[in-house]
There are 2 protein chains.
Amino acid sequence: MTTIKVIAQEAGVSKATVSLALNDKPGVAPHIRQRILEIAKRLNYQPNASARGLALQKTQTLGVIVPDISGPFYAELVRGVGEESRAHDYYLTLCTTIGRPSRERMYFQLLGEQRVDGIIVVSPRNDEALICQIHAEGFPLVVVDRDIQASDKIVEVIVDNFHGALAGVEHLIGLGHRRIGFINGPPEIQATQDRLRGYQLALREHRITPEDRWICVGDFRKEGGYRCMQELLSIKPPLEAIFTANDLMAIGAIKAIREAGKRVPDDIAIVGFDDIPLAAHFDPSLTTVRQPVARMGAVACRLLLQEINGEEILECKAILQTELIVRASSGTQEGGD
Amino acid sequence: MTTIKVIAQEAGVSKATVSLALNDKPGVAPHIRQRILEIAKRLNYQPNASARGLALQKTQTLGVIVPDISGPFYAELVRGVGEESRAHDYYLTLCTTIGRPSRERMYFQLLGEQRVDGIIVVSPRNDEALICQIHAEGFPLVVVDRDIQASDKIVEVIVDNFHGALAGVEHLIGLGHRRIGFINGPPEIQATQDRLRGYQLALREHRITPEDRWICVGDFRKEGGYRCMQELLSIKPPLEAIFTANDLMAIGAIKAIREAGKRVPDDIAIVGFDDIPLAAHFDPSLTTVRQPVARMGAVACRLLLQEINGEEILECKAILQTELIVRASSGTQEGGD
DNA sequence: GTGAAAGCGCTAACAC
DNA sequence: GTGTTAGCGCTTTCAC
């Protein structure tokens, strides 16, 4: 392993000069610099990251903390972060927390051991206090897909879930449906609360009073959508349409509908949320509220780098907009009879 | 940031003693050790990773190099690696290479800068020479989903693609189909070659001579499956069944079939490869050759750690088996008329 | 313009 | 048992 010391000997100069030359800093005679660079290249020199990190107190590495990485949403998010971090010559350390007893340790380890220069937290569960504490200790930190109520100084990248849901449900209403069910995610997750509000407002504005039993609590997975739909199918008179808080649950719901011998969208119209890559290829293709997931990751990364570099961040909250993507699963005409 | 030095002062001992105590090494009086541990806990001490890495020449970090991370296959693979590495207290640095002009630099940077203790390479494209070179330089390295022909000393985790494809196609033959098309991946990828051989042998063993035009080169994405299927649909007399080299292309193919006004599996039976999470929820549910993707990642990780720890690795090639998962898309009876 | 020296935080060999 | 010392590879004053 070539070190700066070897190069110094080879070039007949000191380590300091080599360091200056290699880092493009002034104070080295052109021909010396030239020679040093040549030797470095010839010897395939690469600076030792630990040594550099120790001296500079920087690692050129970011951490991203997500519950899981299988599943289209988080995978795409991490992709966005990864692309952006690479573009800025940062490495990415991936931490998945699901199934881990104390994810708290992971935040602290990454930052406390100074393994990373900052972290992006995509953790929808309730540990506001912890996040605030980390932030209070001065660690660069960006939160994605979640609004930390306790502090307005923590940088956040969030999606306008409220208006997204509003648009999704209004689309269904516009198609003539009035009895519209809602398969939501777990209530402790913030995005689900916002989507619920959007759902409720949409109905209310059209003088529809949703019954409690129209709303079912899912898990953001296919299985939850399936189970919820089975429950919702038992409602009499039957619901005409379902809004689901993500596409995966929409897919589960469609399966349940099919198994009950009904058709989508003819008997029941469906609108999902996310626009996962397969949404367009599903049968029927999914009408859904698209989130700019990769962009969220990229924005989070860029904001984190600003924070790391000590740049002033003008707005702590980056709010990205959703977009309604109309496809087949919602139907084009009135669905009910 | 608490350091070992602070603790030493606080406890009235030397840094060396603190280091010994904190690392559970012998040579420290019990009551001293006790006090050191208490202070460390109180001050929330965490060792600086760079300093430790520099001294120990180890980073407790692995690198995983994949083309992309969106897409169910690589996401699941990385998940497997991540779970396993966490279980062994290793961090994971994620490198995606797609769209990157010189992914070569990334291998070298990660290892050359000694940012990681070893890497898992999941890179189906042709850079055998590079991989061999890295291995020759003594860097711990495990290759996944690919057999490096040039060396039999490189540790590899591969799937029995040949028998997987064989089983998939034989399943179709068993259902009475004889005119079976094949939508494959790019030819320069090894897995596709093996699957092609499996496809060919299955037909040959049943005295079916596949025509060249039955085979179409896709891209492992939905789009490629869609495009290929459009081509295959023009064949007269029509094909009765299609084997696709992955589920994503199967999904694209099904879309093309539907748009042509035909039904799956009634008009054309389909068998995919991978068993992605959504395969069971697709309509029709996908018959497919399952790969133990997460396990591949976990095995690769474990082998890499063995290599890092200097343990003898008895078999360089871990070959995992596939499993045929029969669902609806292949039909249960003779499909054609 | 260049080199010597100190220091980043930790570990490990060797005295005491 | 414990402390002293050197060193991991790099950066960065500060003399020269």
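Residue numbers begin at 1 in each chain, while the letters A, B, ... track the order of the sequences. Quick caveat, the model's predicted, so the values are computed rather than measured.
Residues Thr93(A) and Leu110(A) form a side-chain contact, since some pair of their non-hydrogen atoms from C-beta on lies under 4.5 Å apart. Looking at Phe139(A) and Ile119(A), their side chains never come closer than 4.5 Å, going by heavy atoms from C-beta outward.
Contacts of Arg52(A) classified as side chain to side chain donor-acceptor pair (under 3.5 Å), with partners at least two apart in sequence or in another chain: Asn23(A). Here Arg302(A) pairs with Glu84(A) under the salt bridge (Lys or Arg N to Asp or Glu O under 4.0 Å) rule; sequence neighbours left out. Residues passing the side chain to side chain contact (heavy atoms under 4.5 Å, CB included) test with Glu312(B) are Leu314(B), sequence neighbours excluded. For Asn44(A), there are no side chain to side chain donor-acceptor pair (under 3.5 Å) partners at least two apart in sequence or on another chain. Every residue two or more places apart in sequence or in another chain that forms a side chain to side chain contact (heavy atoms under 4.5 Å, CB included) with Thr59(A) is listed here: Thr61(A), Asp117(A), Ser50(B). Partners of Ile313(B) according to the side chain to side chain contact (heavy atoms under 4.5 Å, CB included) rule, which considers only residues two or more places apart in sequence or in another chain, are Val155(B), Leu303(B), Gln306(B), Glu307(B).
A cation-pi geometry, defined here as NZ or CZ lying under 6.0 Å from the six-membered ring centre and within 45° of its normal, does not hold between Arg79(B) and Tyr74(B).
Summary of helix geometry: the two end axes of the helix from dG1(C)-dC16(D) to dC16(C)-dG1(D), each defined by five base pairs via their C1' atoms, are inclined to each other by 50° (rounded to 10°).
Contacts between residues 49-62 of chain B and DNA chain D, defined by a heavy-atom separation below 4.0 Å, involve Leu54(B), Ala55(B), Gln57(B), listed by number. For DNA chain C, the residues of residues 23-44 of chain B within the heavy-atom distance limit of 4.0 Å (strictly under) are Asn23(B), Lys25(B), sorted by number. Of the residues in residues 12-21 of chain B, those lying under 4.0 Å from DNA chain D by heavy-atom distance are Gly12(B), Val13(B), Ser14(B), Ala16(B), Thr17(B).
Under a 4.0 Å N-O distance rule, the pair Glu113(A)/Arg115(A) qualifies as a salt bridge. A salt bridge does not link Glu10(B) with Arg35(B): every distance from a Lys NZ or Arg NE/NH1/NH2 to an Asp or Glu carboxylate oxygen is 4.0 Å or more. A salt bridge is defined here as a Lys NZ or Arg NE, NH1 or NH2 lying under 4.0 Å from an Asp or Glu carboxylate O, and Lys41(A) with Glu38(A) fails to meet this definition.
For the atom pair CG (Leu141(A)) and CD (Gln133(A)), the distance works out to 11.5 Å, reported to the nearest 0.5 Å.
Within 6.0 Å of the CD atom in Glu315(A), the count of heavy atoms belonging to other residues, nucleotides or ligands does not exceed 12. Under a cut-off of 6.0 angstrom, the local environment of NZ in Lys5(A) is sparse, with at most 12 non-hydrogen atoms contributed by other residues, nucleotides or ligands.
Read 5' to 3', the first and last nucleotides of DNA chain D with an atom closer than 4.0 Å to a heavy atom of chain B are dG1(D) to dG9(D). A 4.0 Å heavy-atom criterion places the boundary nucleotides of DNA chain C facing chain A at dG1(C) to dG9(C), written 5' to 3'.
Side-chain atoms of Glu156(A) come within 3.5 Å of backbone N or O of Ile148(A) as a donor-acceptor pair. Gln114(A) places no side-chain N or O within 3.5 Å of a backbone atom of Lys58(A) that could act as its donor or acceptor partner.
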